[in-house]
> 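This is the structure, below, for whatever I ask next.
Just so it is clear, the structure is predicted and the values come from calculations on it, not from any experiment. In what follows, residues are counted from 1 in the order of the sequence shown.
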Amino acid sequence: MKLRLIFVLAILLLLAACATKTTIRFSNQTECGTATINFTNTASNKTNTYSVEEGKTVTIEVSTEVQYTYTVEYAGRPGSDLTCESKSAAVIVHQKGETTIGLVSAPYPKCATEKWGVVRNTPRFVIGRVRG
């Protein structure tokens, strides 16, 4: 009876481990309007495009040990003097779980904006492991 119980518990644990999804979440925390993300699986060369409004997130299911490249472009805000630059990067997820990539604003220092007369807002990526 104990052996049967241990076997059943082992099967349940294996099923639970297999059910864990591997995801990447993009969180748009910028002041640059909607972010358009072109997300490419380099193994299959398949590209998907996602739109993420300010303050929102998108979750993408991925495979472990596969390199993904992505480019993020911003729509900007109507009537804003901010210039938001597109960014590109690559990521490989080594373990199952969720990885969050925070898109955040990084304005140029005030002295630079006074010198060139342009307000620039350079979004950057912040990658953090949320669950694993």
Side-chain angles (χ1 to χ4, degrees):
M1 183 69 173
K2 285 184 182 181
L3 184 59
R4 185 176 287 167
L5 180 61
I6 291 172
F7 180 73
V8 170
L9 288 174
I11 294 290
L12 290 174
L13 285 173
L14 283 173
L15 289 173
C18 292
T20 302
K21 292 182 180 180
T22 304
T23 60
I24 294 178
R25 289 182 66 201
F26 284 90
S27 176
N28 185 357
Q29 303 163 14
T30 68
E31 298 171 9
C32 297
T34 300
T36 300
I37 303 166
N38 293 309
F39 193 78
T40 303
N41 177 327
T42 60
S44 68
N45 207 28
K46 182 178 178 186
T47 300
N48 291 315
T49 302
Y50 304 91
S51 292
V52 188
E53 295 178 25
E54 283 183 27
K56 304 288 183 181
T57 62
V58 66
T59 301
I60 305 167
E61 193 166 338
V62 296
S63 300
T64 58
E65 304 302 329
V66 173
Q67 181 175 9
Y68 294 89
T69 59
Y70 56 92
T71 301
V72 181
E73 296 178 350
Y74 298 93
R77 285 184 174 174
S80 174
D81 290 335
L82 296 176
T83 301
C84 299
E85 299 175 348
S86 62
K87 297 291 180 183
S88 297
V91 64
I92 299 173
V93 179
H94 297 287
Q95 297 177 1
K96 288 189 174 204
E98 183 177 88
T99 301
T100 297
I101 299 174
L103 308 174
V104 296
S105 301
Y108 281 95
K110 186 175 182 181
C111 60
T113 61
E114 289 172 354
K115 180 177 179 181
W116 295 303
V118 176
V119 178
R120 297 174 60 90
N121 199 10
T122 306
R124 63 179 176 202
F125 304 124
V126 175
I127 300 176
R129 188 90 178 140
V130 176
R131 290 184 288 186

> Going from CD on E31 to OH on Y74, what distance comes out if it is rounded to the nearest 0.5 angstrom?
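Rounded to the nearest 0.5 Å, the CD-OH separation comes to 11.5 Å.
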> To the nearest 0.5 Å, how far apart are OG1 in T99 and CD1 in I92?
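Reported value, rounded in 0.5 Å steps: 12.0 Å.
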> Begin with the C-alpha distance, continue with both residues' side-chain angles, and end with the deciding distance and a verdict on salt bridge (Lys or Arg N to Asp or Glu O under 4.0 Å) for E73 and K87.
CA-CA 7 Å; E73 296 178 350; K87 297 291 180 183; over 6 Å; no
> For N38, enumerate each residue passing the side chain to side chain contact (heavy atoms under 4.5 Å, CB included) test, keeping only those at least two apart in sequence or located in another chain.
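Applying side chain to side chain contact (heavy atoms under 4.5 Å, CB included) to N38 gives T47, T49.
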> So, taking the atom named OH in Y70 and the one named CG in N48, what distance separates them when rounded to the nearest 0.5 Å?
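So the gap between those two atoms works out to 15.5 Å.
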> Please check this pair: side chain of Q29 against backbone of G102, looking for a donor-acceptor N/O pair closer than 3.5 Å.
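Checking the backbone N and O of G102 against the side chain of Q29, no donor-acceptor pair under 3.5 Å is found.
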> Looking at residues at least two apart in the chain, or sitting in another chain, which of them share a side chain to side chain contact (heavy atoms under 4.5 Å, CB included) with T22?
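T22 satisfies side chain to side chain contact (heavy atoms under 4.5 Å, CB included) with V62, T64, V93, K96 only.
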> Give the C-alpha distance, both sets of side-chain angles, the deciding distance and a yes or no for side chain to side chain contact (heavy atoms under 4.5 Å, CB included) between N41 and V66.
CA-CA 7 Å; N41 177 327; V66 173; 3.4 Å; yes
> Taking the side chain as every heavy atom from C-beta outward, state whether I37 and T71 have any pair of such atoms under 4.5 Å apart.
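In short, these two side chains do not touch, never coming nearer than 4.5 Å.
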> Return the orientation label for the F39 and Y50 ring planes: parallel under 30°, perpendicular over 60°, tilted otherwise.
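F39 vs Y50 ring planes: perpendicular.
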> To the nearest 0.5 Å, tell me how far K56 NZ sits from T34 OG1.
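Separation between the atoms: 11.0 Å.
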> Does the side chain to side chain contact (heavy atoms under 4.5 Å, CB included) test come out yes or no for I60 and T23, once each step is laid out?
CA-CA 5 Å; I60 305 167; T23 60; over 6 Å; no
> Look up atom CD in E98 and atom NZ in K21, then write down how far apart they are to the nearest 0.5 Å.
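Answer rounded to 0.5 Å: 11.0 Å.
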> For T69, which residues count as a side chain to side chain contact (heavy atoms under 4.5 Å, CB included) partner, sequence neighbours excluded?
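Testing T69 for side chain to side chain contact (heavy atoms under 4.5 Å, CB included), a comparison that skips the adjacent residues, returns T40, T42, Q67, A90.
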> Roughly how far, to the nearest 0.5 Å, is CD1 of I101 from CG of N28?
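Result: 12.5 Å between the selected atoms.
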